[in-house]
2 protein chains.
Amino acid sequence: MTPSPDLRAHVAILDDEPEIRQMLSLALEEAGFRTSCYARATEFEASLKRTTPDVCLVDLGLPDRDGLALVHRLALESGAAIIIISGRAQVQDRVTGLELGADDYIIKPFDPAEVVARIRARLRKGRSDADRSADTAHFADWAAHFDRYILVRSNGEEVPFSHAEGEVLRLFLESPKRLISRAQMQESLGGAAGESFDRAMDVRISRLRTKLGEDPKNPRLIKTIYGAGYIFLGDVTWV
Amino acid sequence: MTPSPDLRAHVAILDDEPEIRQMLSLALEEAGFRTSCYARATEFEASLKRTTPDVCLVDLGLPDRDGLALVHRLALESGAAIIIISGRAQVQDRVTGLELGADDYIIKPFDPAEVVARIRARLRKGRSDADRSADTAHFADWAAHFDRYILVRSNGEEVPFSHAEGEVLRLFLESPKRLISRAQMQESLGGAAGESFDRAMDVRISRLRTKLGEDPKNPRLIKTIYGAGYIFLGDVTWV
DNA sequence: CTCTCTTGTTACAATTCGAAAGAATTAGGC
DNA sequence: GCCTAATTCTTTCGAATTGTAACAAGAGAG
């Protein structure tokens with residue numbers, strides 16, 4: 001089979017200006033992509049007989065071919081995501097480019113960081129359901145798997161948590177080390193403006209604390225700020 | 001049975017400015033989409049318990065919630081394409097928006113025609129992905145053949161399933177690892193807004209679970225999220 | 001130190017869900 | 001048309017979760 005399969009996503013760059021090619025290639029390689037550059041549409045099309053890139057960056061306004069026609073053919077015949085790069089900034093240009101099958105349209109001058117971000121967005125959707133849903137946060141010696149509704153301690157112990165508990169936990173993990181007021185919580189957790197609800201929140205937090213094995217006298221993760229709200233200590237990294 | 005299923009793609013619009021909502025809604029309806037508008041994140045999130053839009057247009061800078069956190073959750077939990085609309089035009093803003101899971105980022109002020117074109121581009125890609133005409137799904141150690149109404153285990157054992165069971169199973173396999181609310185199910189399975197249907201859904205799932213050989217105390221594939229809905233764990237590949 | 005207000009915890013009630021059993025509906029054979 | 005079988009819905013009761021109420025504990029003001 002393939003001697004050493006390159007697992008990086010493959011981005012084909014088609015642009016007639018050498019500086020742009022180089023800048024894009026550099027930025028994309030740095031971002032972890034494999035790139036191949038082409039100056040002319042004929043070269044590029046020849047390459048398509050050998051390789052199938054995951055993303056095509058196409059500069060409109062190439063010298064040897066009408067770029068839009070090329071985009072249209074690419075859209076129909078290749079499964080790659082197509083991103084147009086163009087100096088033409090009119091809305092009408094963008095609309096026709098997208099209508100002809102492009103997946104995105106970036107206007108020159110552009111920032112390489114945005115190009116990288118947009119390519120990633122395309123690839124993410126492309127591979128879709130398969131490896132998505134890594135909805136997991138790590139903190140202290142826990143890993144919270146929101147897709148499976150369980151907490152896993154570093155020693156392997158599994159503690160399931162309920163939906164209500166998960167809502168609170170997620171809120172904390174989304175803004176760690178920041179004060180979260182009671183009012184904010186109720187707003188976030190779908191509490192209507194009712195007043196009688198406020199104690200339910202306490203119970204939810206209480207139950208969450210016990211599941212996390214907090215010491216009631218000295219909570220290390222969910223800290224109460226008397227009269228203000230709660231704060232989640234602990235370094236959180238989402239995976 | 002279903003009164004008249006609306007085949008148009010469904011676009012949810014979340015923006016706090018009434019004029020923008022109206023402009024977008026008008027333009028999109030004219031372009032052949034079904035739209036629903038929400039002024040606040042809480043309203044919007046409530047609606048997600050009932051319906052599953054194909055595209056979400058989200059204005060950052062909503063008054064009642066951190067928009068980016070909402071985008072992040074949407075990206076993880078809903079299969080919809082997410083398009084951010086924002087007045088913040090810095091490259092860094094766009095990059096973070098896209099990194100958090102948005103599929104596109106449109107800067108205000110915008111032309112409705114471009115919004116339409118970008119939505120179409122998203123739907124096009126999404127559909128080609130979901131338009132696998134295959135009718136067999138593999139998961140765990142099962143293969144579900146929807147054309148023959150049978151489940152085949154890896155050891156060759158065959159278990160037939162009924163139409164009603166198949167509807168539920170298909171719904172699960174089409175969005176695995178994602179919370180599916182009861183309301184969404186009834187919507188999808190042609191249940192009118194009737195209330196008496198409640199338990200029928202349970203029975204369908206119960207039977208499906210036994211056919212899949214689930215342990216009632218510890219279901220590994222179809223998990224119940226109390227008060228929220230169901231979630232199908234397990235990696236699904238359609239052939 | 002005491003009094004008051006806020007928060008934590010426990011017990012209980014209400015809601016939601018699962019599974020079994022019976023009833024209604026549908027489909028097909030004779 | 002009538003009977004049988006399969007499918008699906010409804011009913012029902014037990015189990016799990018979540019909200020509410022009551023009370024205990026703790027923080028802050030004086």
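Every chain is numbered from 1, with letters handed out A, B, ... down the list of sequences.
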What's the [atom1]-[atom2] distance between [X] and [N], to the nearest Å?
X	N	atom1	atom2	value
A:E214	C:dT9	CD	P	10 Å
A:I225	D:dG28	CD1	P	10 Å
B:K223	C:dC17	NZ	C1'	15 Å
B:H163	C:dT26	NE2	C1'	13 Å
B:R204	D:dT7	CZ	P	14 Å
B:I205	C:dA19	CD1	C1'	13 Å
A:D202	C:dC5	CG	P	17 Å
A:R209	C:dT10	CZ	P	13 Å

Q) So, do A:R120 and B:L98 sit near enough that their side-chain heavy atoms are less than 4.5 Å apart? A) no

Q) In terms of side-chain heavy atoms, does A:R209 have a donor or acceptor partner in A:T224 at a distance below 3.5 Å? A)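 A donor-acceptor contact under 3.5 Å links the two side chains.
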
Q.
Parallel, tilted or perpendicular, judged at 30° and 60°: which one describes the rings of A:H145 and A:H138?
A. perpendicular

Q | Residue mapping more 5' on DNA chain C - nearest nucleotide basis, B:R207 or A:G229 | A |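 Per heavy-atom nearest nucleotide, the more 5' residue is A:G229.
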
Q. On DNA chain C, nearest-nucleotide positions of A:G227 versus A:V203: which is more 5'?
A. A:G227

Q. Reckon B:T224 has a side-chain N or O less than 4.0 Å from the OP1 or OP2 of C:dG18?
A.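 Checking B:T224 against C:dG18: at least one side-chain N or O falls below 4.0 Å of OP1 or OP2.
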
Q. Given D:dT8, is OP1 or OP2 found less than 4.0 Å from the side-chain N or O atoms of B:S162?
A. yes

Q: Please find out if less than 6.0 Å separates the ring center of B:F146 from that of B:F161.
A: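 Yes, they do, as the ring centres are separated by less than 6.0 Å.
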
**Q.** Output field: ring centroids A:F232/A:F139 closer than 6.0 Å
**A.** yes

Q) For A:Y226 and B:K217, take the nucleotide of DNA chain D holding the closest heavy atom to each; which residue's nucleotide lies nearer the 5' end? A)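 That would be B:K217.
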
Q: Answer yes or no: side-chain N or O of B:R199 and base N or O of C:dG18 forming a donor-acceptor pair under 3.5 Å.
A: yes

Q.
Within the 4.0 Å heavy-atom criterion, would you say A:Y230 contacts the bases, only the backbone, or no part of the nucleic acid?
A.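 The answer is sugar-phosphate, as A:Y230 gets under 4.0 Å only of primed atoms, P, OP1 or OP2.
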
